[in-house]
Every structure is written in C-alpha cells, then in structure tokens.
Amino acid sequence: MKLFRLLLLSLFFFSSMGQLPSQDILALLEFKKGIKHDPTGYVLESWNEESIDFNGCPSSWNGIVCNGGNVAGVVLDNLGLSADVDMSLFANLTLLVKVSMANNSITGEIPDNIGDFKSLQFMDVSNNLFSSSLPPGIGKLGSLKNLSLAGNNFSGSLPDSISGLASIQSLDLSRNSFSGSLPTSLTRLNNLVHLNLSSNGFAKRIPKGFELISNLQVLDLHGNMFDGHLDGMFFLLTNASHVDLSGNMLVSSSSQKLLPGMSESIKFLNLSHNQLSGSLLNGSDLQLFASVKVLDLSYNQLSGELPGFDFAYELQVLKLSNNKFSGFIPNDLLKGDSLLLTELDLSANNLSGTISMIMSTTLHVLDLSSNALVGELPLVTGSCAVLDLSSNRFEGNLTGMVKWGNIEYLDLSQNRLTGPIPEVAPQFLRLNYLNLSHNSFTSPLPKVLTQYPKLRVLDLSSNQLDGSLLTELLMSPTLQEIHLENNLLNGAIEFSPPSTAHSNLQVIDLSHNQLDGFFPSRFDSLSGLQVLNLAGNNLSGSLPSSIADMSSLSSLDLSQNHFTGPLPNNLSESIGSFNVSYNDLSGVVPENLRRFPTSSFYPGNNRLRFPAGPPGSNDFPGRNSGKKPINTIVKAVVIVACVIALIILIMLAVFILYIRTRRRNPPGQVTNNGIRRHTQTNPSGTSRTGSGGALIVSAEDLVASKKGSTTEITSPDEKMAAVTGFSPSKHRHLSWSESGDSLPAENLARLDVRSPDRLVGELYFLDDTIKMTPEELSRAPAEVLGRSSHGTSYRATLDNGMFITVKWLREGVAKQRKEFSKEAKKFANIRHPNVVGLRGYYWGPTPHEKLILSDYISAGSLASFVYDRPGRKGPPINLGPEAQDSS
C-alpha cells in the first residue's frame with residue numbers, strides 16, 4: 001500500500017514538472033516587468049500567465065514569433081512603450097533570430113553578454129533611449145545581418161572587434177553620440193551593403209579601404225567632424241551609388257582639383273557643408289560628373305566660373321549654393337536642351353548678368369537668390385513651380401508676369417522692382433507663396449490677390465502700397481499669413497460680410513501703415529490667429545473685450561497708436577509677447593498681464609498703472625504722453641551729446657576745484673590732511689590768514705598723514721607725531737614767520753606722542769652745547785618750517801629759550817643704525833659758514849622715528865632771496881647773467 005502511494009506521488013510530481021513554463025516564457029515574463037507604460041495594452045494585456053502555451057513558446061502573445069517550441073522573434077515596433085528593460089534576458093532565448101523594438105521610449109543598455117545571442121540575425125532598437133557604449137562582445141554576433149541602433153544615446157568609440165560581424169549587411173549607428181576615430185576594421189566587413197554612421201562625433205580622417213568593399217552601395221558619414229583630404233582612390237574605385245560626406249571639415253583632394261576622377265557607379269554625391277576650395281572643373285575634367293544624378297556641393301569655398309554641365313546627361317539635381325562662384329549663369333542650365341535638371345540651386349554666390357528667359361521644360365525648382373543679377377525679370381519661366389529670384393538687382397515692373405507659367409512658390413523680394421502689381425490671375429491658380437517685399441511697388445492692393453485659390457502666404461511688406469485694406473483678405477479660407485507692414489495703407493480695418501467660409505489666418509502684420517478707425521471687434525472670429533501686429537498706425541478708441549476670445553493668440557502688438565480706456569481683462573494665457581506702449585490707455589493693468597515687463601506698457605499710457613505703484617509717470621519717469629518713439633539715430637545722437645556734455649562738466653568742476661585748492665594752499669605751505677591751518681589773531685586784531693599764518697600740527701594729524709606709509713602704526717606705543725596739540729607757555733613770545741611777527745606761545749605746538757612714555761627712544765648729542773632728555777624734547781613747542789623729499793622740518797623752542805631745527809626723516813631715508821651713527825658723527829665735524837651745524841639725533845623704536853637736531857637759521861629760504869619775495873631780510877643776491885639764464 002505504501003509503495004502504491006509513493007508511485008502515485010511520483011507520477012503527480014513528474015506530471016506537474018511537465019507543466020512548468022519554459023525558459024523562453026520565463027525570460028519574456030521577466031522582460032515584461034520592465035514595461036512601465038503600454039498605451040495600447042499590446043503587451044501588458046497579452047503577455048499573461050493565463051494564456052501560457054506549455055509547448056514552450058507563447059504563440060498567442062502579441063509580438064512573439066515562434067519556431068516550433070522556441071521563441072524566434074520579438075517584434076514590438078511603434079507601440080509607444082515606456083520601459084526600462086534588461087536586454088541580457090534575451091540570451092536565454094537560444095533560438096532568437098529577430099529583435100525589433102523601434103520607435104518607442106525604451107531605456108537600457110547593450111549587455112556585455114550580447115555575444116551569447118548566437119542565433120540573432122536582425123536587431124533594430126532605433127529611435128529609443130538606449131545608452132552606454134558598444135561592448136567588445138558585439139563582434140561575436142557572427143550571424144547578425146542587420147543592426148540598427150540609430151536615434152539613441154550611445155556613446156564612446158567603436159570597438160575594433162566590430163570586424164567580427166562577418167555576415168553584417170546593414171549597419172546603422174546614426175544619430176547617436178559616438179566619438180573618436182573610425183577603426184580600420186570597419187573596412188573588412190566584406191558583406192556590408194549599407195553603412196550609416198551619420199550625425200555622431202566621429203573625428204580625424206576617414207580610414208582608407210572602403211572602396212575594397214565590393215558590395216557597398218550606401219556610405220553615409222555626414223554630420224561628423226572628419227577632416228583631411230577627400231580620398232581620390234575611393235571616388236575612383238568604389239561601387240557605391242550613394243555617398244554622403246556632408247557636414248564635415250573635408251578639403252579638396254588637391255589645390256587644383258576637387259577630385260581626380262569619379263566612379264560611374266556614384267549616382268548620389270553630397271559633399272556640402274565642408275571646406276572644399278578651388279575651381280569646380282578644369283578643361284580636362286568635363287566628364288567628372290557625367291553619371292551623377294544628384295550633386296550637392298553647397299556651403300563650401302568653391303570659386304571660379306560655372307561650367308555648362310552639358311555633358312551631365314543624367315544630372316537631375318544640382319546644388320551649388322553658398323560658394324564663391326562668379327561670372328554668368330550658363331545658358332545650358334536654363335535652356336534644358338540636353339539636361340534633365342529638375343532642381344537647380346545657385347543661390348548665395350557672386351553670379352552676375354541677366355536672365356532673359358528660362359526655357360527648360362524639366363526644371364521645377366530654380367533658386368538664384370542672393371546674387372548680383374541685373375536687368376529685367378525673365379520673360380518666361382518654363383516649367384518652374386518654385387522660383388526664387390530674391391536679393392538681386394532686378395529692375396522694371398511686373399508686366400512680364402502675364403507669360404509666366406503655373407508657379408506655386410514665387411519670391412521676388414529685396415530687388416529694385418517698381419510700378420503696380422498687375423491684375424493677373426489665370427497662370428497663378430496654383431500659387432501658394434507670394435513674396436514681393438522690400439521693393440518699390442506703388443498703387444493700391446490689386447483685387448486679384450483675393451482670387452488665388454491656393455495662396456497661403458502673402459508678403460508685400462516694405463513697399464509703397466497705398467489705399468485701403470482689401471476686406472476679403474482677412475476672411476480668405478486659404479491664407480495663413482498676411483504681411484503688409486511698412487506701407488502707406490490707410491482707412492479703417494474692415495471685414496467682409498460673414499460667410500460660411502472659415503478663415504485659417506495665423507499671422508497678420510499690418511504695422512507701420514496709416515490705418516485709422518477702431519479696433520475691429522470681428523478679430524475674435526479668427527479663432528486660429530496666433531500673431532497680430534497693428535503697431536505704428538493711427539488706430540483709436542477703446543480695446544473691445546472680445547480680444548479675450550482670441551484664445552490662440554501668442555503675440556499681440558498694439559503699440560504706437562491712440563487707443564484709450566482700460567486694458568481688457570482675461571486676455572489669453574497663451575500670449576507670450578505683448579506690447580501696448582505709446583498709447584493713451586488708463587486704469588489698472590489686469591493681473592494676467594503683469595507678468596510682462598514695463599516696456600510692454602510704457603512709455604506712453606500716463607494714466608495706466610500697476611496696483612503696487614502710484615498711477616501716472618511717477619513710477620516710470622521715461623514715459624511720454626502717447627508720443628511715438630523718435631528715430632533710433634536721433635536717440636543715439638542725443639545720448640552721445642549728453643555723455644560728452646557730462647564729461648565736459650566733470651572736467652570743468654575738477655579744474656575749478658584745483659584752482660580753488662591752489663589759491664587756498666600756496667606751494668610753500670603744507671596741504672596734507674594731517675596738518676591743519678589755524679587762523680591767528682595779532683594784537684591789533686587783524687586777521688592773519690595770509691602767508692604769515694602759523695601752521696599747527698598734532699601727533700594725531702601726523703599719524704593720519706602717514707597712512708600711505710608701507711609700515712603701519714599698529715599700537716598706541718608706536719604712534720608718533722612731530723607736533724601735537726597746544727603747549728601753552730605764558731612767559732615768552734616766539735617768531736613764527738619770515739617777516740618777524742611775533743605770536744603768543746600759546747599758539748605754538750609741542751613735540752608729543754600718544755604713548756604714555758612720549759619719546760621713548762635714544763637721544764644722542766654730538767657736542768656739549770645742548771643737554772636735554774627725550775621727554776624734554778617731546779614737550780618743546782614747535783613750528784612747521786617746511787617739507788622736503790627727506791622729511792618735515794620743525795623749529796622747536798627749548799626750555800632755555802633756544803631754537804633748534806628738528807627734522808623728522810621719512811621712513812626709508814635713514815640707513816642702519818650703525819651706519820647712520822657713523823655718518824652723523826662725520827657730518828658733525830664739518831665746520832663751514834655755509835653749512836648748518838648738526839647737534840644730535842634721535843633713534844626711536846619704530847622705523848619712522850628718526851630725528852635730526854641742528855642749528856636754527858632764521859634768515860629764511862633761498863627762494864625768498866632769489867625771487868626777491870616780500871618780507872625777506874637782507875639785500876638781494878646778485879646773480880650773474882649765466883645763473884639768471886639757468887634759473
């Protein structure tokens with residue numbers, strides 16, 4: 001009995017084991033966990049346990065391709081999935097052949113075990129959010145034929161192991177952030193048919209050898225940073241039909257030739273946006289582009305004259321714009337006798353001459369803009385549907401347009417055309433774009449403009465058109481943009497009677513005309529209007545509340561008019577550009593408009609205010625009462641004149657201040673902030689403010705005057721001054737001036753310091769005539785005698801009534817103490833009637849406390865004798881002619 005039970009349990013166990021999900025199913029269920037958003041439910045509603053097929057492959061699941069009992073393909077393209085997936089799970093799908101998840105929002109990385117996907121032949125994860133670099137294991141996918149990683153965030157350089165993709169036929173790594181140089185191993189992918197590495201950051205030179213890949217049909221390397229010369233050998237030997245090297249930094253193969261030759265297999269060649277230079281063709285190279293169908297050499301530095309291309313029998317598209325070509329346009333390009341050209345772009349060159357006729361029956365797109373073409377417009381335009389002759393020097397009128405064909409796009413702007421716009425319509429029944437701006441057209445708007453059934457864009461701006469605005473234009477069912485700014489249009493803006501037709505207008509620009517009247521309330525019927533510009537007109541009246549119904553409006557400019565009243569409330573929140581300045585609006589700025597700068601409301605609008613500030617111009621003094629802004633040049637002139645006047649006033653003020661300072665402080669007096677002049681009063685009561693006034697200084701003032709010294713006084717003990725405060729002495733009068741006038745001793749000053757110890761250094765005397773202590777010297781009254789480059793001199797009065805001269809040396813003048821003492825003793829031994837005797841010196845504790853004591857000489861200065869100044873004593877010095885000349 002027990003044995004039977006054991007057998008039943010064993011059968012049940014093995015039966016249960018047979019019903020477990022396969023390894024492929026478990027891997028897919030784990031992959032499903034990374035899906036965050038599935039807008040269609042394509043995966044999340046299909047991949048579930050209830051629908052598991054236990055034969056090994058869930059064939060009922062959406063996007064799953066089975067091969068027997070194994071998963072052979074996972075196809076989840078264009079589902080809008082948002083997921084963060086682990087691609088390494090697919091290594092468990094041992095027979096997986098195809099993985100395609102293009103055009104989703106899936107993040108993840110190419111796993112390091114990508115080499116384990118042994119059966120994988122097709123992998124497309126383009127246009128997602130994958131990142132990281134390519135692992136070296138990518139080279140182990142020997143069966144892979146198609147790999148597309150385009151449109152992701154992959155980065156880094158390509159591994160050399162990429163040459164292991166022996167079976168690869170299509171390799172697309174475009175629109176990523178790959179960088180570095182291309183590995184030469186790429187040229188060993190012998191089965192490669194399609195190679196697209198465009199729009200990355202690859203640099204340096206393109207490796208040689210791509211011409212050896214015999215099956216290569218498409219080589220697209222545009223939008224990188226490749227440099228160096230064009231590989232002439234590749235262009236001669238390649239079998240590729242599509243070659244795009246545009247958007248790099250390539251240069252011509254040589255200074256004389258663009259290319260040495262061209263393989264007949266190349267049908268599409270794009271070398272635009274490089275640095276190619278030189279002449280396009282030489283006489284021996286006329287067959288260079290004989291087999292090319294599409295040739296784009298635009299945005300280079302090619303020069304010289306254009307060849308006729310009459311040998312290029314297959315050429316259909318020729319783009320040579322933005323170069324430096326000169327000379328005439330070959331007639332063969334416009335006649336079309338032997339060419340099959342359908343598109344010709346020669347814009348932005350230096351081409352000249354006239355264009356009489358365009359006879360080609362195959363040419364549909366012709367762009368000759370931005371050249372130096374002259375003369376009248378061509379009489380016929382052949383089969384051109386797109387004709388751009390803008391930015392040239394064409395003259396004359398538009399009467400010749402009656403013979404033009406069925407043009408769909410016409411741009412004649414920025415020429416010298418004049419006269420009226422003709423009333424011609426039949427041949428323009430397909431016209432959808434018309435630009436005649438920046439010419440000199442006159443007369444009113446022709447009514448024929450309202451009869452073009454497919455016209456979408458009308459630009460007649462910057463002309464001299466007058467008359468009233470055509471009412472039918474504003475309600476045209478096809479027009480999307482109307483540009484009539486900078487003309488002479490007048491009258492009111494009126495709408496045609498309501499009709500069943502729905503207007504599709506998105507842009508209306510009527511600025512800088514002479515329109516008047518009120519703001520039309522029917523503008524609100526233009527539900528799709530995004531831009532409305534009525535600035536610089538004579539519109540008046542209040543702004544209707546219906547403006548708030550223009551829900552699509554993104555830009556509104558009503559400036560430089562005469563609108564009055566308040567601003568409408570509840571204007572559309574979609575408005576991103578707003579201007580009502582230079583009007584006469586009043587009231588409070590609505591809350592939803594306060595996000596715009598004040599320049600949107602002022603100048604002008606004196607009675608318009610913000611709630612946070614007072615009304616009127618008090619907040620904004622730059623406002624004008626509705627006046628229009630003056631010309632920009634006039635503004636610049638006024639600003640420059642104001643600046644010059646301000647500079648002149650400042651210079652004048654400085655000059656006057658300098659003169660007054662000179663008068664107040666003659667050159668012989670000390671004018672530093674550290675010295676104060678005190679007006680003295682003589683016994684007779686006469687004010688002494690002239691040259692006889694005494695100069696009184698203090699220690700505090702002297703310290704302030706020495707602020708510029710390299711050595712700062714950092715403590716009170718180190719602060720030293722030559723003369724400080726008043727030292728009253730009631731028993732004597734001293735001479736303070738060269739004239740000999742006596743002043744009370746109370747008005748003298750004494751040598752003093754801030755420190756309690758006063759002069760605390762060492763005082764040395766060189767003879768026995770003077771005896772005193774540093775303390776006595778610090779108390780001696782002193783008078784400023786003058787200043788020199790070596791220091792300031794004072795006349796000190798000792799207690800015994802003797803005068804001595806004390807010279808306070810500037811910091812840095814005195815040498816080291818030993819040398820200073822030695823030289824002082826030598827100088828004291830000199831005895832001469834013209835040399836003042838040296839009596840002693842003081843050596844203080846800080847570098848700027850150095851004093852020299854000498855005899856006082858009361859005869860005045862040398863200048864007083866030389867120039868015979870008032871107040872001097874003694875006869876003038878008799879100088880010889882030579883001395884006088886030298887003086």
All N/O donor-acceptor pairs, side-chain side in residues 564-572, below 3.5 Å, sequence neighbours left out:
unit_1: S572; atom_1: OG; unit_2: S551; atom_2: O; d: 3.0
unit_1: S572; atom_1: OG; unit_2: S574; atom_2: N; d: 3.1
unit_1: S572; atom_1: OG; unit_2: S574; atom_2: OG; d: 2.6

Contacts of type salt bridge (Lys or Arg N to Asp or Glu O under 4.0 Å), residue [X], not counting sequence neighbours:
X    : value
R594 : none
E591 : none
D855 : R839

Please identify each residue that fulfils side-chain contact (heavy atoms from CB on, under 4.5 Å) with [X], with sequence neighbours left out.
X    : answer
S577 : S555
I647 : V643, M651
L652 : I656
Q414 : S391, H438

_My understanding is that only residues two or more places apart in sequence, or in another chain, count here; which of them pass side chain to side chain donor-acceptor pair (under 3.5 Å) with S599?_
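For S599, no residue satisfies side chain to side chain donor-acceptor pair (under 3.5 Å) once neighbours in sequence are set aside.
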
*Under the side chain to side chain donor-acceptor pair (under 3.5 Å) test, residues paired with N533 that sit two or more places apart*: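 With neighbours one apart ignored, the set is empty.
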
*Residues in ring pair (Phe, Tyr, Trp, His ring centres under 6.0 Å) with F563, at least two apart?*
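Testing F563 for ring pair (Phe, Tyr, Trp, His ring centres under 6.0 Å), a comparison that skips the adjacent residues, returns none.
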
*Only pairs at least two apart or in different chains count here, so list each salt bridge (charged side-chain N to carboxylate O under 4.0 Å, His left out) that has a residue in residues 636-646.*
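Residue pairs with at least one partner in residues 636-646: there are none.
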
_Six-ring centre of W843, K850 cation under 6.0 angstrom, axis tolerance 45°_ =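 The answer is yes, since K850 meets both limits relative to W843.
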
